[in-house]
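Some notes on the structure that comes next.
All heavy atoms count here, side chains included; hydrogens, waters and symmetry mates do not.
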Amino acid sequence: MATKSAPPVAPSNTANTAKNDAKSSNLRRMPRTLAGSPVPDDATRKQTLALYESALKLMQGGKYDKAHQAFSQMLQTAPQDLADRIRMYIAACLAQIEKGSTKFETNEERYDYAISLLNQGQYEDAREQFQKILAANESADYAFYGLALLASMTGDTQECIEKLREAIRLNGQNRVQARADSDFETVAEDPRFTELLYPEA
């Protein structure tokens, strides 16, 4: 994760109950959007375009943090023809954010930022943000999950399994999430990973 409450959720107009229940859903799947998404139906596309225009206005108004979060949220479901432009604007927002002091009101906002860094391949910067979350809240399961994603994406199987084990210990829902998370494909064949995700087998 993000795409956001103890765990981070992408900003939206959904009800608070959905926000609380989305602990590990949307944002934690964000890294999988790097390849883009299939073209959605017309209604979804129209909604995405409206969000896209709103994010552009935020960016033009110098609200780079909010624009960055909005673009990152859209990237998850954006059609391929918009995905490249959205990534470009995400990179531009990050560049502007990094020029000044990036401040976060909550750990969830910091997680959003860390996930976007992960999406951009800025692994060490993402690691730093996850670790800052844990320094403020050592029980932040979503930060351990983020570190597990990072370790998988950088080929560190041992670190991935250790961090994912801790994320699952703190929140069992992370086990369900990891089963469907393609960002763990680099460690999917490791017997320790299989045992961790399917202890009942």
SB check R169 E166 (cutoff 4.0 Å):
yes
Shared hydrophobic cluster, Y123 / L134 (ILVMFWY, side-chain heavy atoms < 4.5 Å):
yes
R165: partners by side chain to side chain contact (heavy atoms under 4.5 Å, CB included), with sequence neighbours left out
I161, L196
Locate the shortest heavy-atom distance separating C160 from A148; write the atom from each residue and the value.
SG-O, 3.5 Å
Measuring from atom CG of L150 to atom CG of L117, what distance do you get when rounded to the nearest 0.5 angstrom?
10.0 Å
Testing the basics here: between A67 and M59, what is the closest heavy-atom pair and its distance to 0.1 Å?
CB-N, 3.6 Å
Can you find a pair of side-chain heavy atoms, one from L164 and one from L149, that are under 4.5 Å apart?
no
Is there a side-chain contact between S72 and I90, using heavy atoms and a 4.5 Å cut-off?
yes
OH on Y145 to CD on Q177, rounded to 0.5 Å:
4.0 Å
Out of curiosity, T106 OG1 to N137 CG, how far, rounded to the nearest 0.5 Å?
11.5 Å
Rounded to the nearest 0.5 Å, what separation is found between the CG atom of D141 and the NZ atom of K163?
14.5 Å
Close side-chain approach of F144 and F130, heavy atoms under 4.5 Å:
no
Got L49 and L82 here, is their nearest side-chain heavy-atom distance under 4.5 Å?
yes
Determine yes or no for a side-chain-to-main-chain donor-acceptor pair under 3.5 angstrom, with S152 supplying the side chain and D183 the backbone.
yes
Rounding to 0.5 Å, atoms CD (E128) and CG (D125) come to a distance of 6.5 Å
I'd like to know if the side chain of D112 and the backbone of Q69 have a donor-acceptor N/O pair within less than 3.5 Å.
no
Is there a donor-acceptor pair closer than 3.5 Å between any side-chain N or O of T154 and the backbone N or O of A151?
yes
Here the gap from C93 atom SG to M88 atom CE, rounded to the nearest 0.5 Å, amounts to 10.0 Å
Kindly indicate, with the supporting measurements, whether the criterion side-chain contact (heavy atoms from CB on, under 4.5 Å) is fulfilled by N107 and Y142.
CA-CA 10 Å; N107 280 334; Y142 50 91; 3.5 Å; yes
Are F184 and V176 grouped together when hydrophobic residues (ILVMFWY) are joined by side-chain heavy atoms under 4.5 angstrom apart?
no
Side-chain heavy atoms of Q122 within contact of L94, under 4.5 Å
yes
Working for side chain to side chain donor-acceptor pair (under 3.5 Å), residues D65 and Y113:
CA-CA 8 Å; D65 282 337; Y113 179 56; over 6 Å; no
Cluster question for you: counting only ILVMFWY and a side-chain heavy-atom cut-off of under 4.5 Å, with indirect links fine, are F193 and I168 together?
yes
Tell me, do L56 and F71 make a side-chain contact under 4.5 Å, heavy atoms counted?
yes
Within the 3.5 Å criterion, strictly below it, is a donor on Q158 or R192 matched to an acceptor on the partner's side chain?
yes
Is any side-chain heavy atom of M153 less than 4.5 Å from a side-chain heavy atom of T186?
no
Heavy-atom side-chain contact between R175 and P199 under 4.5 Å
yes
State plainly whether the residues E53 and K57 are in salt-bridge range, i.e. N to O under 4.0 Å.
no
